[in-house]
Structures are given as structure tokens and as C-alpha cells.
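In what follows, a single structure is set out as C-alpha cells and then discussed.
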2 protein chains.
Amino acid sequence: MQDLQSNIAIKINPNVYKKDPLSSDLGAKILRQGCNLIDDLGFEKFTFKKLANHIESTEASVYRYFENKHNLLAYLTMWYWSWAEYKVLLNTLNIDCPKIRLQRAMKCLTEEVIEDAEFSQVNEVKLNQIVIRESSKVYLCKTVDSDNESGFFHVYKSLVQRIANIILEIRPTFKYPHMLISTVIEGARHQRFFSDHLPRLTDVIVGEDAVTDFYLQLVQRELGIED
Amino acid sequence: MQDLQSNIAIKINPNVYKKDPLSSDLGAKILRQGCNLIDDLGFEKFTFKKLANHIESTEASVYRYFENKHNLLAYLTMWYWSWAEYKVLLNTLNIDCPKIRLQRAMKCLTEEVIEDAEFSQVNEVKLNQIVIRESSKVYLCKTVDSDNESGFFHVYKSLVQRIANIILEIRPTFKYPHMLISTVIEGARHQRFFSDHLPRLTDVIVGEDAVTDFYLQLVQRELGIED
DNA sequence: GCAAATATAATAGTATTACTATCAATTAGA
DNA sequence: TCTAATTGATAGTAATACTATTATATTTGC
């Protein structure tokens, strides 16, 4: 993926920002250090004032880029899902067999993010942690319907649709492709959180990626695909 | 269940409150109206001041019962899972076949909550909505480890363990019983949220309980149980 | 190279949030 | 009825979540 770094840019729906954070140095700092601070403090304790101090700028300047911290989190989440979709795309391109495409897509979407591709302003490992811990707060809130109309969840939905299509290619009569995929995507992140904080809710196996193993198996059994 | 209403009380771990809200009228109001207000405003916009005004009391009085709104939400969530576990218990008692016990437990944990048993101070339908939308915020936060030590998640974990035991009865070598159950429990609630707000992430089928159907099937296929 | 446009910093200010503290009034229990 | 516990009333603080204004840089277009 290295050779694509400089040429590919992830485009984010402008509704989520007031001023494009990729259009300036300060904007880039807001993304990068915003990511760091949200990871450190947790979303609830994170404020634009703290971020501004941290990057030696001012609160007012940060507000010029994002209406509020909710939208900054939405931006980061949208970026993450675009990046994930791009990974899926790269890994399934030119592969004819839909079962293998599904398997590879599942792997992309459930495996741990360890290496830091530093694809752009954002540190993918930290962003992954944020997505695990904070991203559901973007939709689990009263503004979900208007945010949805603004397109905040478009990328996520299109990612789910993309995998659902592979499933339908394998089993055209399967009734619940979207449910299955969103269950797996959300579940994988929850299980990683559980294994760090509430291990009795999961099954941790040292030296094995239990999460990927479990969800891959689950999907294959649900669709009746032999291993 | 009616005849048990007056005799059975759900006991909540005292670490979550400063003063037992079931020990006074005001406490009961805090639970009941807190539930209503959180449902109306969403957890982020909900404040103790608004609650106090709503029940014609004062902020300071509310703070006498709960350290903060996070703990009130934790209380309500704990109550919900105790209630759910009790439902599971009632529905699986005296049934020998573990497959049927599993099926009944799954049904309890995935089906829609429509009828309002008014089991106590809390309106179960509203509480169910709150659990769907807000409850993951109790653990998706920086205090999760100390909250866990205080026992905030004990009931939830014991519920998961209970069902995991049924699974192990059916398939003693199954590697991921906790993962499977927590995936189903969390997933069922997410899917209900999706079908209300982000329907492209799920598969809504009118007149059918797709959620229960899907997760029951998923579990049975994962465990290789014939329908 | 200069004017115009744009971006940022500095400062100030407001309403609300998330509490804590104190004390008086009321109620309940023994 | 006396005492203790509960609640209400009031006050106060630091932080949050913004908005507005103005001055100062910096970039860009010509």
C-alpha cells in the first residue's frame, strides 16, 4: 500500500466540517492531535479547549473547523470507514471466487490493527482504538437522524452494502446479509474492547486472534460454506 | 409473572448509589422520571438539574442519591440486566433439554419488549429503549475498569455466563461461548436501533421479528443444532 | 511587489453543566 | 416529644460549550 500513499486521498463529506481540516496545517494538527487527545482522555473528557492548548492554538480557531467535538469524532470515524473500505477493496480486487472475497473482506474488518501505515494525517492504530471505544457514540445519540441525512453514515452503509453483495452472490436467497455484516463489524470491535476491559464477556486465547477466527467461522457456518 | 410482582425485588449493588433510591419516595421518583427524561432528551442532554426541576425537587437532593448521571445510568442498566436474567430464569426453569433452554433464553434476550409489566418503579419499555440507545456508554468510557471493580457489570457478566453454560452443555468443546452470547445480546439491541434509524445496516421485514429469527438461527447454525 | 483576501491569535463574554457546601425546615421513628 | 434523618433553599465554583470582535499575520492573485 506504500506506493499509493501520496496519490490517494480519502474524501470526506463536507457536511461534517465547517472548514476542510486538510486545507491547512492547523486543520491537520486538529485531526492528528485530536485523535491523540480523544484516545488519552476519552471522548467525554475531551474538549476543544484542551485540544487548543495542546496544539498551542485557541478554542475559537478549532471551532472554525468543526461545529463541535461530536462532528470531529464523526469526521474521524468517517475517515476510518473509508480507509477500511479501501483496504477491503485492495484485498478483494481481481479475485473471482466470492467465497474467498468474503473471507478476505472479513479478515480486513475483524483483524487487529497493529501496523501503523500512517496513510495520512491520522495514526491508524490510535484511530482504531478510538473507533472501538467511541465511534458508536456518533450514532447512539439524538442527532442520529439529521446526521444520517447529512451523510455521516454513508461510507459505513456502503461498506456494509459492499459485503452484503458478496454474501448475496454466494447465497442469493439469504435473508439477512446486512444484519450479519453489521453484527460482525460492530461485534468485532466490541469483543476487542471486552478482551481489554471485560474479559468475562469474551473468550481470550493467548497467541491467537480469537476474534477473527470466531467471526469468520460464524459467517461461514451461517452461510453454510465449508471450511 | 404478575403474582410475583410484590414479592420479588431486584437487588442492586450498593456501590452504584450513594443512597438507596428505593428507600424513599424521592429516590423512586428519580428512577422513574430519570428514565423518562433520559429517554426524552438522550443521555448527553440529560442533567440532574433538569431532572430536579421535572420532579420539583433540587439538584442537591438528586446528588444525594447518585454521584453523577453516569451512575444513575449504570443503576438503570444493572436493573435491566437483573430483570432480564430473572426473565431467562423463569423461562428456562424445569426444562431438561438444553437446546430448548437455549432457544428460550435467546428468545428472552432478543425479542422486542412491548408489554409493560411495570415490575417496579421502572417502565420496562422505556428502560429497554434506554438500554438500546445509552447502555453501552456505561462501559465505553474511561472509568470502565474501576466501575468493573465496583461490580457495575457483575449481573451482565453472570447473565452471559449463565447462557454460556447452556451452550457448553450442548457443545462442551465449543471455543467461544461468551463471544457468541455477548455478540448476540449486544447485536440484538444494535439491530433494533438500526431498524429505527439506519435501516440500511439491517434487514427489516414487516410483520416479522427478524432480529429474533436471525440471532436464533445464527446461534443454532454456529452450534450445529438442527431446527 | 502590493493589495486583497484569508487564516489565525487574542481576548472577552454568556449560558449551561457538574458539581459541593451550608443551613433551615420538615418528617419519621423510638 | 425528642432526636435523627431527609429534603429544600440558596449559594457558589470551576469547567464546558460555545459566539463575537478585533488585530495581526500570511498567502495569493495580479
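Values below: every heavy atom of this structure, side chains too, minus hydrogens, waters and symmetry copies. To find a chain, count down the sequence lines: A is the first, B the second, and so on, and within it residues start at 1.
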> Residues two or more places apart in sequence or in another chain: which of them pass side chain to side chain donor-acceptor pair (under 3.5 Å) with A:Ser182?
Replying inline: B:Gln191
> When the ring planes of A:Tyr139 and B:Phe193 are compared, do they come out parallel, tilted or perpendicular, using 30° and 60° as the limits?
Replying inline: tilted
>> Could you work out, with side chain to side chain contact (heavy atoms under 4.5 Å, CB included) as the rule, every residue matching B:Lys157, not counting sequence neighbours?
In response: A:Arg200, A:Leu201, B:Asn148, B:Phe153
>> Assuming nearest nucleotide by heavy-atom distance, tell me which of A:Lys45 and B:Ser57 is located more 5' along DNA chain D.
In response: B:Ser57
>> Please report the distance, rounded to the nearest Å, between NZ in B:Lys50 and P in C:dT16.
In response: 9 Å
>> Can you see if the side chain of A:Tyr65 gets near the phosphate of C:dT8 - specifically, an N or O under 4.0 Å from OP1 or OP2?
In response: yes
Which atom pairs, one a donor and one an acceptor, fall under 3.5 Å between side chains of residues 125-132 of chain A and the rest of the protein, sequence neighbours left out?
unit_1: A:Lys126; atom_1: NZ; unit_2: A:Asn36; atom_2: OD1; d: 3.1
unit_1: A:Asn128; atom_1: OD1; unit_2: A:Tyr80; atom_2: OH; d: 2.6

> Who pairs with A:Tyr215 by ring pair (Phe, Tyr, Trp, His ring centres under 6.0 Å), at least two apart in sequence or on another chain?
Replying inline: none
Indicate every side-chain donor-acceptor pair of residues 51-62 of chain B with a distance under 3.5 Å to a residue at least two apart or in another chain.
unit_1: B:Thr58; atom_1: OG1; unit_2: B:Ser61; atom_2: N; d: 3.3
unit_1: B:Thr58; atom_1: OG1; unit_2: B:Ser61; atom_2: OG; d: 2.8

> Residues two or more places apart in sequence or in another chain: which of them pass ring pair (Phe, Tyr, Trp, His ring centres under 6.0 Å) with A:Phe46?
Replying inline: none
Dump every N/O contact between nucleotides 18-20 of chain C and the protein below 3.5 Å, one line per pair.
unit_1: C:dC19; atom_1: O5'; unit_2: B:Tyr63; atom_2: OH; d: 3.1
unit_1: C:dC19; atom_1: N4; unit_2: B:Glu59; atom_2: OE1; d: 3.1
unit_1: C:dC19; atom_1: N4; unit_2: B:Glu59; atom_2: OE2; d: 3.4

> Around atom NZ of B:Lys107, are there more than 12 heavy atoms of other residues, nucleotides or ligands at under 6.0 Å?
Replying inline: no
> What is the 5' to 3' range of DNA chain D, first to last nucleotide, that sits under 4.0 Å from any heavy atom of chain A?
Replying inline: D:dT16 to D:dA20
> Rounded to whole angstrom units, what separation is found between the NZ atom of A:Lys19 and the C1' atom of C:dT8?
Replying inline: 9 Å
>> Among residues at least two apart in sequence or on other chains, which ones pass salt bridge (Lys or Arg N to Asp or Glu O under 4.0 Å) with B:Asp145?
In response: none
> Over its full length, what angle do the end axes of the helix from C:dG1-D:dC30 to C:dA30-D:dT1 make, each axis taken from five pairs and the result rounded to 10 degrees?
Replying inline: 30°
>> So, using salt bridge (Lys or Arg N to Asp or Glu O under 4.0 Å) as the criterion, who are the partners of A:Glu208 when residues are at least two apart?
In response: B:Lys175
> In whole angstrom, what separates A:Lys49's NZ from C:dG13's C1'?
Replying inline: 12 Å
>> Run the salt bridge (Lys or Arg N to Asp or Glu O under 4.0 Å) test against A:Asp40 and tell me which residues pass, sequence neighbours left out.
In response: none
